[in-house]
Amino acid sequence: MINQNLTSKTPLLMKISQIEHIGIAVNSLEESIKYYEEVLGLKCYAIEDVVDQKVKTAFFLVGNTKIELLESTSPDGPIGKFIAKKGQGIHHIAFAVDNATEALKLAEQRGAVLVDKESRKGAEGLNIGFLHPKSTHGVLTELCSKQE
Ligand code: CMX
């Protein structure tokens, strides 16, 4: 899967600073928020609609990493399709990088298949882009950055 056509100009490696968030697909934000708050003792600090992704999100902070709960707003959106097929559960892992568009290009040069050729705006105003799970050993992978 690794692209053999790397040149001397290809940057060495992507620099990931931390796990930015873990995305979890849920049937109902309301019901899941109760579990995270009342059983795990976390605090939901934001709820946001990401209209173009057809999801409603809820965020919790655990150390420097967030948990992002994702409730589908439409059966034909990515979360609606995922839940129909696999049920609730971990949906994706998001890594923080300096520049999401550059990191996407680098991942593609190194053999990953991009869902997004360039970054776009996601929840919390981050620049985000996804790598297809078929090219990442089964884990839908998001790269995100505060700036571009
Ligand atoms: N993790 C692992 N595999 C996944 C997956 C996931 N989250 N989502 C889909 N797949 C697998 C499917 O099981 C399927 O596998 P098989 O071919 O073996 O059956 C394959 O990928 C294709 O799945 P599909 O249901 O036909 O879905 P699509 O090809 O239409 O879309 C994907 C798949 C990943 C491109 C799409 O879900 C996508 O663009 N995801 C990124 C966007 C997203 O998830 N947004 C929500 C998050 C919002 C945010 O954080 O801001």
Side-chain angles (χ1 to χ4, degrees), residues 1-3 11 13-148:
M1 185 53 77
I2 300 291
N3 185 340
L13 282 175
M14 191 183 305
K15 287 212 177 75
I16 290 174
S17 54
Q18 66 173 89
I19 295 176
E20 211 284 332
H21 65 264
I22 295 170
I24 299 176
V26 300
N27 290 328
S28 155
L29 279 192
E30 197 186 338
E31 284 173 23
S32 291
I33 287 170
K34 268 195 207 150
Y35 162 72
Y36 283 85
E37 291 196 330
E38 292 174 14
V39 179
L40 298 185
L42 299 172
K43 177 85 191 124
C44 174
Y45 70 86
I47 291 183
E48 185 180 339
D49 264 311
V50 184
V51 177
D52 71 322
Q53 292 295 297
K54 301 181 177 172
V55 294
K56 206 156 80 168
T57 62
F59 284 96
F60 303 80
L61 199 54
V62 187
N64 286 332
T65 299
K66 297 164 193 160
I67 300 286
E68 178 186 37
L69 302 183
L70 300 150
E71 178 192 306
S72 182
T73 56
S74 163
D76 67 347
I79 300 301
K81 283 163 79 177
F82 177 86
I83 287 186
K85 194 163 179 185
K86 299 192 181 187
Q88 301 185 99
I90 293 182
H91 179 259
H92 66 266
I93 185 164
F95 294 110
V97 294
D98 283 347
N99 180 315
T101 293
E102 302 238 311
L104 288 167
K105 283 190 186 132
L106 186 52
E108 187 175 42
Q109 283 173 342
R110 292 188 169 264
V113 174
L114 304 184
V115 174
D116 304 290
K117 290 278 175 204
E118 293 186 343
S119 74
R120 55 192 163 79
K121 287 288 174 192
E124 302 203 302
L126 291 178
N127 305 297
I128 68 161
F130 285 90
L131 310 182
H132 199 286
K134 289 285 172 197
S135 69
T136 60
H137 305 265
V139 179
L140 177 60
T141 302
E142 179 179 341
L143 301 172
C144 52
S145 63
K146 288 189 178 145
Q147 283 148 4
E148 286 285 21

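Keep in mind it's a predicted model, so treat the numbers as computed, not measured. For this chain, numbers begin at 1 and follow the sequence in order. Read the numbers this way: they start at 1 and go in the same order the structure lists the ligands and their atoms.
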Chemist: Quick one: ligand 1 N/O to protein N/O pairs below 3.5 Å?
Modeler:
unit_1: ligand 1; atom_1: 3 (N); unit_2: Lys86; atom_2: NZ; d: 3.4
unit_1: ligand 1; atom_1: 7 (N); unit_2: His91; atom_2: O; d: 3.0
unit_1: ligand 1; atom_1: 7 (N); unit_2: His91; atom_2: NE2; d: 3.4
unit_1: ligand 1; atom_1: 13 (O); unit_2: Lys85; atom_2: NZ; d: 3.3
unit_1: ligand 1; atom_1: 15 (O); unit_2: Lys134; atom_2: NZ; d: 3.4
unit_1: ligand 1; atom_1: 18 (O); unit_2: Lys134; atom_2: NZ; d: 2.6
unit_1: ligand 1; atom_1: 19 (O); unit_2: Lys85; atom_2: NZ; d: 2.3
unit_1: ligand 1; atom_1: 30 (O); unit_2: Lys81; atom_2: NZ; d: 2.8
unit_1: ligand 1; atom_1: 45 (N); unit_2: Gln53; atom_2: OE1; d: 2.5
unit_1: ligand 1; atom_1: 50 (O); unit_2: Glu68; atom_2: OE1; d: 3.1
unit_1: ligand 1; atom_1: 50 (O); unit_2: Glu68; atom_2: OE2; d: 3.3

Chemist: Under the 3.5 angstrom rule, does the side chain of Gln88 hit a backbone N or O of Asn27 as a donor-acceptor pair?
Modeler: yes
Chemist: Using atom types as modelled and distance alone, determine if a side-chain donor or acceptor of Glu20 lies under 3.5 Å from a backbone N or O of Cys144.
Modeler: no
Chemist: Could you tell me whether the side chain of Glu48 and the main chain of Glu124 form a donor-acceptor pair under 3.5 Å?
Modeler: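 Between the backbone of Glu124 and the side chain of Glu48 there is a qualifying donor-acceptor contact (under 3.5 Å).
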Chemist: So which atom in Gln147 and which in Asn127 form the shortest heavy-atom distance, rounded to 0.1 Å?
Modeler: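 Answer, listing the atom of Gln147 first, then Asn127: C-ND2, 3.6 Å.
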Chemist: Determine whether the side chains of Thr57 and Glu68 contain a donor N or O and an acceptor N or O closer than 3.5 Å.
Modeler: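 No, because no side-chain N or O of Thr57 sits under 3.5 Å from a partner of the opposite role on Glu68.
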Chemist: My understanding is that only residues two or more places apart in sequence, or in another chain, count here; which of them pass ring pair (Phe, Tyr, Trp, His ring centres under 6.0 Å) with Phe95?
Modeler: none
